[in-house]
Amino acid sequence: MDVLAVASEMHPLVKTGGLADVVGALPGALAEHGVAMTTLLPGYPAVMRAVERPRALARYPDLFGGPARVVRAKMEGPRLLVLDAPHLFARDGGAYGDADGRDWPDNWRRFAALSAVAADIAGGAIKGFAPAAVHAHDWQAAMTLAYLRHGTERTQTLPAVLTIHNLAFQGRFDRSIFPALGLPVGAFAVDGVEYYGGVGFLKAGLQYADAITTVSPAYADEILTPTHGMGLDGLLAARRDRLHGILNGIDTGAWNPADDPLIGARYSARSLASRRRNRRIVEQRFALASDNSPIFCVVSRLTWQKGMDILADVVDDLVAFGGRLALIGTGDQALEGALLAAAARHPGRVGVTIGYDEALSHLLQAGADAILIPSRFEPCGLTQLYGLRYGCVPVVARTGGLGDTVIDANEAALSAEVATGLVFEAGRGDSLRAAIRRAIALHRQPESWATIQRAGMKADFSWGRSAARYADLYRSLTEGPPAE
Ligand code: ADP
């Protein structure tokens with residue numbers, strides 16, 4: 001079965017977060033379930049560099065204000081189509097904004113264009129390619145569903161899935177953009193793209209999707225509540241029979257401590273002692289004193305969602321309790337400043353690197369003792385899954401996918417030897433503080449700590465099970481439910 005995926009990021013070409021990891025890993029995992037996935041990506045400079053000998057498969061003389069074409073990227077692994085539209089995507093800076101992090105003012109146009117072309121391809125614009133279903137990711141691709149439903153006879157009934165990776169990002173724009181979207185006037189309606197008087201890209205996708213998925217079972221429940229529904233809980237509740245929580249997997253090839261070129265010493269659950277070498281390298285890279293106290297790491301966007309303000313408030317206690325901290329991240333300037341100030345207050349105990357560095361993120365997972373994830377909400381979260389696989393014990397807030405994937409080291413779990421991490425109440429500094437204290441106490445008992453590490457390393461969060469669920473979902477939409 002051919003499926004067209006539409007997304008704004010894909011590892012390893014362009015990544016700002018977990019979305020890219022998922023979009024990058026899913027095609028390979030789905031191949032084992034008889035699904036051939038082709039992914040359409042925007043032609044950012046980094047993506048265009050991966051396109052060798054581009055051959056135009058479809059041309060648009062005027063796509064939202066400039067010429068564009070769809071080219072096929074020749075690369076190993078996933079089948080990739082690229083929307084080469086220089087007026088929209090050939091820019092320095094990030095996928096969504098300039099080098100200073102300001103959103104591009106024409107993001108609505110950039111991602112409406114991506115979506116319109118996706119619908120066109122789904123409708124048969126590329127000779128010999130007739131996908132049986134379309135799978136759009138997040139608001140940047142969500143308008144694909146609007147263009148499908150207001151498109152040709154073929155596209156109107158083509159099964160379409162929308163995945164929410166984070167409901168906080170909705171793609172809301174002023175109503176004045178509506179005429180430029182090229183949709184029929186009737187689409188500006190409560191059951192169309194209209195959202196609180198403006199245009200809502202994610203909202204439109206949710207409205208038109210045959211199936212909505214999100215990236216963990218707990219988050220699928222949480223987004224039905226006003227607290228986590230971010231204004232869309234009513235719509236989601238009305239469509240709850242189409243909502244599925246499918247846990248993200250991880251790419252166990254790229255994230256394998258026994259075979260990871262980005263770390264100093266490779267190891268497995270049977271050779272945990274080798275992690276010490278990685279620990280030394282972490283100490284050097286983050287200018288930490290060399291001793292036996294536990295190193296907590298953080299690999300994160302530095303935002304309110306990720307609870308980085310809570311962490312900044314707790315750093316002094318983490319140090320006072322005897323821990324060390326190694327952090328890599330980028331994000332809000334105020335949070336970057338607060339964390340850099342903490343590092344300056346605690347030389348040798350707290351090391352902070354502002355930036356994005358894939359290799360360093362692998363090294364931290366391989367060398368730190370624990371990974372701290374104090375998110376206020378977390379649709380799935382991937383860094384706790386990498387932590388589990390690397391014996392870097394996750395200390396996580398109980399929210400969304402974090403609670404779905406980590407077993408707290410309470411007395412019952414410890415005695416049954418099934419604990420894989422520590423879980424605390426989301427959004428609360430006192431609870432994070434207590435968890436850090438608990439982790440440090442457990443770390444002083446090397447046998448207990450190693451048991452937790454090994455239990456985590458045994459847990460299977462590869463894509464196998466989740467890919468099967470996506471494949472079943474596509475099939476149920478294209479063929480109807482399986483026979484009893
Ligand atoms: P989100 O998508 O909300 O940012 P996830 O935990 O789902 O959170 O995914 C984050 C991904 O980005 C992980 O692969 C993580 O390792 C990576 N990441 C986040 N910040 C950095 C950073 N500063 N350097 C390297 N990798 C990072």
Side-chain angles (χ1 to χ4, degrees), residues 250 255-258 260 262-269 271-302 306-308 311 314-315 318-319 321-329 339 342-343 346 348-375 381-397 402 406 409 420-422 424 432 435-444 446 448-450 452-457:
I250 59 171
W255 290 92
N256 178 6
D260 187 336
L262 302 174
I263 63 179
R266 307 198 181 124
Y267 61 94
S268 70
S271 54
L272 282 172
S274 303
R275 292 183 94 258
R276 272 193 225 125
R277 184 136 161 251
N278 298 317
R279 208 158 178 274
R280 291 289 165 260
I281 304 173
V282 168
E283 286 170 347
Q284 284 155 14
R285 294 290 297 269
F286 287 83
L288 297 176
S290 194
D291 62 31
N292 289 326
S293 64
I295 300 178
F296 294 86
C297 74
V298 171
V299 179
S300 183
R301 292 185 287 116
L302 303 181
K306 298 290 181 180
M308 287 297 126
L311 175 73
V314 168
V315 174
L318 181 152
V319 173
F321 296 158
R324 292 175 288 167
L325 177 69
L327 175 147
I328 175 152
L339 291 160
H346 300 290
R349 307 306 297 174
V350 175
V352 168
T353 299
I354 300 299
Y356 189 96
D357 186 335
E358 190 84 14
L360 204 49
S361 76
H362 283 245
L363 179 69
L364 281 170
Q365 299 277 15
D369 299 285
I371 179 160
L372 285 180
I373 312 178
S375 307
L382 292 174
T383 57
Q384 84 280 16
L385 302 181
Y386 301 144
L388 289 170
R389 187 149 166 85
Y390 276 62
C392 184
V393 173
V395 179
V396 305
L402 298 176
V406 178
T420 60
L422 288 89
F424 60 91
L432 170 60
I436 289 170
R437 212 174 197 150
R438 216 149 52 88
I440 292 172
L442 277 167
H443 186 261
R444 289 202 184 105
S448 305
W449 191 259
I452 297 172
Q453 287 178 297
R454 278 194 285 265
M457 293 176 86

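Just so it is clear, the model here is predicted, and its values are computed rather than measured. When reading the values below, keep in mind they use all heavy atoms of this one structure, side chains included, and skip hydrogens, waters and symmetry mates.
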| Considering residues, nucleotides and ligands other than Arg438, do more than 12 of their heavy atoms fall under 6.0 Å from its CZ? |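 Count over threshold, so yes.
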
| request: Taking atom CZ of Arg437 as the centre, report whether more than 12 heavy atoms of other residues, nucleotides or ligands fall under 6.0 Å from it. | output: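 Result for CZ/Arg437: open.
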
Pairwise side-chain contact, [X] with [Y], heavy-atom cut-off 4.5 Å (strictly under):
{"X": "Cys297", "Y": "Val282", "result": "no"}
{"X": "Ile373", "Y": "Ser300", "result": "no"}
{"X": "Phe286", "Y": "Leu360", "result": "yes"}
{"X": "Met308", "Y": "Val298", "result": "yes"}
{"X": "Leu311", "Y": "Leu327", "result": "yes"}
{"X": "Asp369", "Y": "Arg279", "result": "yes"}
{"X": "Pro257", "Y": "Arg389", "result": "yes"}

| said: Under the rule for side chain to side chain donor-acceptor pair (under 3.5 Å), what residues qualify as partners of Asp291, not counting sequence neighbours? | reply: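 Side chain to side chain donor-acceptor pair (under 3.5 Å) check on Asp291 returns Ser293, Arg324, Arg349.
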
What is the distance from atom [atom1] of [X] to atom [atom2] of [Y], rounded to the nearest 0.5 Å?
{"X": "Leu302", "Y": "Ile328", "atom1": "CG", "atom2": "CD1", "result": "9.5 Å"}
{"X": "Leu432", "Y": "Leu318", "atom1": "CG", "atom2": "CG", "result": "8.0 Å"}
{"X": "Thr383", "Y": "Leu372", "atom1": "OG1", "atom2": "CG", "result": "10.0 Å"}
{"X": "Ser290", "Y": "Arg280", "atom1": "OG", "atom2": "CZ", "result": "3.5 Å"}
{"X": "Leu325", "Y": "Ile436", "atom1": "CG", "atom2": "CD1", "result": "8.5 Å"}

For [X], what residues pass the ring pair (Phe, Tyr, Trp, His ring centres under 6.0 Å) criterion, not counting sequence neighbours?
{"X": "His346", "value": "none"}
{"X": "Phe424", "value": "none"}
{"X": "Phe296", "value": "none"}

| task | Name the orientation class of the two ring planes belonging to His443 and Trp449 (parallel below 30°, tilted from 30 to 60°, perpendicular beyond 60°). | result |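 Correct class here is perpendicular.
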
| query | Which class fits the ring pair Trp255 and His362: parallel under 30°, tilted 30 to 60°, perpendicular over 60°? | reply |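 It falls in the parallel class, under 30°.
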
Can you name the nearest heavy-atom pair linking [X] to [Y], along with the distance?
{"X": "Ile281", "Y": "Gly264", "answer": "CD1-CA, 3.7 Å"}
{"X": "Val395", "Y": "Ala439", "answer": "CG2-CB, 4.4 Å"}
{"X": "Ser375", "Y": "Ala397", "answer": "O-CB, 3.3 Å"}
{"X": "Leu388", "Y": "Pro394", "answer": "CD2-CG, 3.6 Å"}
{"X": "Ala409", "Y": "Leu442", "answer": "CB-CD1, 4.0 Å"}
{"X": "Gly367", "Y": "Asn278", "answer": "CA-CB, 3.6 Å"}

| query | With sequence neighbours excluded, what pairs up with Ala343 under the side-chain contact (heavy atoms from CB on, under 4.5 Å) test? | reply |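 Once residues adjacent in sequence are excluded, the partners of Ala343 under the side-chain contact (heavy atoms from CB on, under 4.5 Å) criterion are Val350, Val352.
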
| Counting N and O atoms only, with roles assigned by atom type, does the side chain of Tyr390 sit under 3.5 Å from a partner on the main chain of Leu363, one being a donor and the other an acceptor? |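 Flag not set: sc Tyr390 to bb Leu363 has no pair under 3.5 Å.
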
| query | Side chain of Glu283, backbone of Leu288: donor and acceptor closer than 3.5 Å? | reply |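 No; zero donor-acceptor contacts below 3.5 Å.
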
| message | I'd like to check the salt bridge (Lys or Arg N to Asp or Glu O under 4.0 Å) partners of Arg444; sequence neighbours left out, ordered by chain and number. | response |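 Arg444 satisfies salt bridge (Lys or Arg N to Asp or Glu O under 4.0 Å) with no other residue.
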
| task | Among Gln384, Arg275, Gln453, find the one that has a side chain to side chain contact (heavy atoms under 4.5 Å, CB included) with Cys392. | result |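 In the set Gln384, Arg275, Gln453, the residue that makes a side chain to side chain contact (heavy atoms under 4.5 Å, CB included) with Cys392 is Arg275.
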
